[in-house]
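Have a look at the structure below, then the notes.
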Amino acid sequence: MLKFLFIRCLSTAIKRPKVKLSKVEVIKRLNYENKALFGAVIKPAAKKKNKAIQQDTLAKTHMQPVENEYSSEIFWQCRNFSREKASNGESIENASTSPGLVIPFSDKELQLITKFPLVPSDRGIVERQWVLHEKHETDQYKTPSVNRILSATMPEASRLALIRWKSSKIAELGEEGFQQLQKEIFARGSTLHATLEMWLSGCDPSEDTIEKTGVLWRSVSGALKEVERPAKVIEQKLYHPYLHYSGVVDCVTSIKGQYHVIEWKTSDNPKTNVGATYDAPVQLCAYLGALQANSELCDSPPTKECQYGGECYRVNPVHFREYAHPHIEKLLAKAASLAMVEIPDDVKVHKSVFTEQLKIVSNLFPHLSAETTNPEKKTKLEPTTSKPSSTINTVSPTASSVSKMDPKPSSSVGESKNTIESLFAERRAKMQAAQQSKPTPEPAKKETIPTPTRPVTSNTGISLQQALPRDINSYFPVVAERGRMAQKLAAAAPYNFFLTTITASKLTHTEPLSVTFQELLDSSLGELECSVQMNFMVDIGWLLAHYFFAGYENVPLLILYGDETPELRMVSQKKPNVTAVKVEIKTPFGVHHTKMGLYGYRDGSMRIVVSTANLYEDDWHNRTQGLWISPRLPAVPDGSDTTFGESRTDFRSSLLTYLDAYKLPQLQPWMARIRKTDFSDVKVFLVASVPGGHTNTPKGPLWGHPRLGYLLSQHAAPIDDSCPLVAQSSSIGSLGPSPESWVLGEILASFRKDSAPVGIRRLPGFRMIYPSFSNVRQSHDGMMGGGCLPYVKSTHVKQEWLKDYLHQWCSRTRHRNKAMPHIKTYCRWSHRGLYWFLLTSANLSKAAWGVYNKTGRFEKPLRINSYEVGVLFLPKLLPTHTDLLSVSFQELLDSSLGELECSLQIHFVIDINWPLEHYSSAGYEQLPLLILYDGMNPKLEAISEKHPNDTVVKIDVKTSYGTHHTKMGLYGYSDGSTRIVISTANLYEGDWHNRTQGL
């Protein structure tokens, strides 16, 4: 033994002459290598005195070894743990079986397991003999993954080679060095996978992201030229329902019209043949088998049925891929071909719509018309699928494993050509279905849209005039009266804050502070010349339909969006007046989440709308959303100074700074227009977020929560520390392991600020409003109402401290208790009211509000990932409760004050026609009126001749330096009561127009 040890030490010293190791280190490394090669030392069992103990020891020696990564091939299959109930009810282990779990296969299945086909057999003959297993998971048993099985079944030669490589690397680098090497290999693969995932999802990676992948991206980029994106499957979990294994496939997409299963592998050395990729082909085939066994690539109809059943009006192929329509599929299964399908007379939608639906389902799932579906069919059709074959393509130094298989993606070419047409066809189908189900309205009540008087260009792509009926009521569930939006907006001043109308809550349909999207385009607000819609999610068909019904089908429209769809990519080809631009975010954790509209009118004025709603139907249907609509902002006079027209809140400057952050040439004309617009009537602050690293400026912080804190410190009145911060959003991000991590440490530190002198103050409370499970279950849309609340369990389990701050959603007085909130608001509240109020697109997340960099020395202090926009309401700039007690002269004659019997007006200056007009409009033209005045006024002296009920008396002042300057009114009512009004205003229009007066 000593000789062997000496030889090993000498060998180690020869290999690494520059490293001097102690004897202890040499022995440790030697023991590590021996343990890796031969396993741990087995100590002999002590001699037992008792025979029973000896038998027990003998039984233990026959037990299965502990499972590890080098276990035998069938170890994971043969583990069994059968239990029998003892007489006392306790479970006892059966000594005849090894401890473990119940095998998920029968004995017959175990015998035939190697004969199970990788791809589906003809007519599923083999599969019929197998039981379709549900995924079996318990605390003790987990479905084995493909990687785990491959590791357990690794050939002995490969296993020893791997151990030798590992041992040599440890001897060369040491334990810590080897761990670091593993981390680098893992990070390199993760970076490549993340970049490929981004590319396959349809987004081009930024130059910085590609640079991080190094040579790996260059090696694989050539193979991506013919890869179709977005991919059908990206990083999807798989489960084989017959062979009972799981895994995660990297990608399934189409290459030259055929589906391929792709697995990305990285390597330091080129791989010239398939054999050099080790177990990669087996892994790929395992994924292929799981996909085929689940019919993931066979274009079989989905199992989840459409909730509308036979009343479904949709004609979008994407909808039919996601939801099953049994009434359509049964008709196709009975007919030999599409032409032979007989449409029943009792269909619940228009027959033209149903015919279009039949075509879509037939194209998506051609096997529904195949011979195997219905043996009674007279005409035999060719099968639409063929047996897939597996191939491996390797790229050096990145080995990308690709498995090609049929069938071709259904109607991919047809969809790409007719995407926009299908959008409007779907809308047309919905309206035709609505028209069929409702009685024909009387001509007098049917509201139609007049033809626009402005010229309409003919070459503007597809026209909606033929696709959509002129009756807007059959298209949108809630339609407000036309021409009234300007009046509604004026009544909402000075706050201009609205909530969206809730379809299922009829009381909201007539609320003065509820709006629909259609009202934002109402002609009473101005004749639209051009507009910009900045949002996250945009349903282009829904949006263009609103512009069509408003008469603005051909008006220039710029759309900045965050969530890309094929329809948005293609819309400019079909509608030249529409420009859609995807806002690229450099960081993968950020999104373009802003929800804002810019509306330019033909008279040079414009309007800003800040909202919390995405531009698609669901967000304007049964969800609570908030909007701030600016007053009409006129153009500044020619030759005005550059500072003319700026608001007290610097809203124009803030908006220009925000738009400039996009660095988009399409926004330059709008920025020029904004510079020439008068924003002096805007009484709110703009609070925005822009992705990137940020520092303070001479004007203070520009973005995120520091910006809000700065505005509050400059303009908010002193707030008592007992007033909590009340936050409410539709999503919650990762906030950290404790409240102090970010919410109390950063958010509350900014949101608590006011203009009070700096001093020792306690931290205000924090409350978070978020719908509970019962809120969602009882909502108008049931559990589907939770679709706008993406706060996942995996995030919540990391911050369960948040439960102590949560409060349920409630909005009874506004009739929105069952309308789940997608609105985002923040405020400081007390029983006396609100100290400030913020409406914004920003959820409670670090990506939206920003987080301070506490570790990086060379990084900028504030990091934000997303675009956000909101508006801040402050009492300092808006009329307070007492300021709202303003009246007009007409209101002094209001019938609610009493039925007027007679009155006396004592004033200095009187324009007699002006008060008489008010008396006449109030219905008091014939009532007695006595007027006392000072000065010479021939009209007043002659008024009694025209109006015998009016008496005018001139007051003579004895001194030449005095005047009759009293301004008072006495009002006598028919019930004998009297009212006295003392004011500072004379009785003529100028004093009641743009002058501050008191009463």
Side-chain angles (χ1 to χ4, degrees), residues 476 478 480 485 488-489 492 495-503 508 511 513-522 525 528 531-540 542-547 550 557-563 583 591-600 606-633 651 654-655 658-659 670 682 684-689 728-731 788-789 811 814 816 819-827 837-843 848 866-873:
F476 298 118
V478 181
M485 185 57 200
K488 182 185 289 189
L489 181 60
Y495 301 105
N496 294 8
F497 174 69
F498 294 86
L499 298 178
T500 53
T501 301
I502 305 302
T503 303
T508 67
E511 272 188 338
L513 296 179
S514 294
V515 296
T516 62
F517 186 84
Q518 189 69 27
E519 290 178 278
L520 300 180
L521 303 174
D522 193 77
L525 297 179
L528 197 65
S531 62
V532 179
Q533 296 293 345
M534 310 168 72
N535 220 294
F536 175 50
M537 300 174 65
V538 179
D539 179 350
I540 188 62
W542 180 85
L543 179 63
L544 292 184
H546 279 90
Y547 276 80
L557 170 62
L558 172 62
I559 304 173
L560 305 184
Y561 62 92
D563 186 42
V583 180
V591 295
H592 180 256
H593 203 243
T594 292
K595 297 167 179 64
M596 180 168 63
L598 312 178
Y599 301 83
M606 65 177 299
R607 194 181 309 274
I608 314 293
V609 176
V610 175
S611 157
T612 64
N614 291 288
L615 293 177
Y616 72 101
E617 187 172 11
D618 287 351
D619 262 22
W620 294 77
H621 181 45
N622 278 332
R623 297 174 181 173
T624 300
Q625 307 279 7
L627 298 92
W628 172 79
I629 306 175
S630 79
R632 195 167 182 171
L633 309 174
F651 192 96
S654 300
L655 180 60
Y658 175 77
L659 296 179
W670 279 94
V682 175
V684 296
F685 290 92
L686 186 75
V687 180
S689 294
Q728 179 270 316
S729 65
S730 61
S731 180
C788 65
L789 306 168
S811 181
R814 293 300 302 271
R816 288 168 172 81
M820 290 300 94
H822 190 258
I823 187 174
K824 295 92 174 163
T825 61
Y826 303 82
C827 65
F837 177 80
L838 177 71
L839 175 73
T840 177
S841 64
N843 288 301
S866 297
Y867 285 96
E868 309 281 358
V869 158
V871 289
L872 172 66
F873 300 81

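Residue numbers start at 1 and run along the sequence shown.
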If we ignore hydrogens and angles and just use 3.5 Å, is the side chain of [X] paired with the main-chain N or O of [Y] as donor and acceptor?
X      : Y      : value
Arg607 : Ser630 : yes
Glu511 : Thr501 : no
Asn843 : Ser730 : yes
Thr612 : Gln625 : no
Thr624 : Ala819 : yes
Ser531 : Leu557 : no

Could you report the tightest heavy-atom contact between [X] and [Y], atom names first, then the distance?
X      : Y      : value
Ala842 : Ala848 : CB-CB, 3.9 Å
Leu839 : Trp628 : CD2-N, 3.8 Å
Gly600 : Trp670 : N-CH2, 3.6 Å
Ile823 : Leu499 : CD1-CD2, 3.9 Å
Thr503 : Asn622 : N-OD1, 3.3 Å
His822 : Ala613 : ND1-CA, 4.4 Å

Would a 4.5 Å heavy-atom cut-off, applied to side chains only, mark [X] and [Y] as touching?
X      : Y      : value
Leu686 : Ile608 : no
Glu868 : Lys824 : no
Phe536 : Lys595 : yes
Trp620 : Val478 : no
His593 : Ser731 : no
Met534 : Leu659 : yes

Aromatic rings Tyr495 and Phe873: how do their planes relate, parallel, tilted or perpendicular, breaks at 30° and 60°?
->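 It falls in the tilted class, 30° to 60°.
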Parallel, tilted or perpendicular for His546 and Phe517, by the 30°/60° rule?
-> perpendicular
Quick one: [atom1] on [X] to [atom2] on [Y], what's the gap to the nearest 0.5 Å?
X      : Y      : atom1 : atom2 : result
Ser841 : Asn535 : OG    : CG    : 9.0 Å
Gln533 : Ser611 : CD    : OG    : 9.0 Å
Glu519 : Thr500 : CD    : OG1   : 11.0 Å
Leu513 : Thr508 : CG    : OG1   : 12.0 Å
Phe498 : Lys488 : CZ    : NZ    : 7.0 Å
Leu872 : Thr840 : CG    : OG1   : 10.5 Å

For this output row, return yes or no: ring centroids of Phe497 and Phe837 closer than 6.0 angstrom.
->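 That pair passes the under 6.0 Å test.
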Quick one: do the Tyr547 and Gln518 side chains pair a donor with an acceptor below 3.5 Å?
-> no
Taking it one step at a time, do His592 and Leu560 satisfy side chain to side chain contact (heavy atoms under 4.5 Å, CB included)?
-> CA-CA 9 Å; His592 180 256; Leu560 305 184; 4.3 Å; yes
Side chain to side chain contact (heavy atoms under 4.5 Å, CB included) assessment of Val583 paired with Tyr867 | CA-CA 9 Å; Val583 180; Tyr867 285 96; 3.5 Å; yes
Any chance you could lay out the side chain to side chain contact (heavy atoms under 4.5 Å, CB included) test for Leu525 and Tyr599, step after step, and finish with the verdict?
-> CA-CA 10 Å; Leu525 297 179; Tyr599 301 83; over 6 Å; no
Passing candidate, side-chain contact (heavy atoms from CB on, under 4.5 Å) with Met537, options Asp618, Asp619, Leu615, Asn614 | Asn614
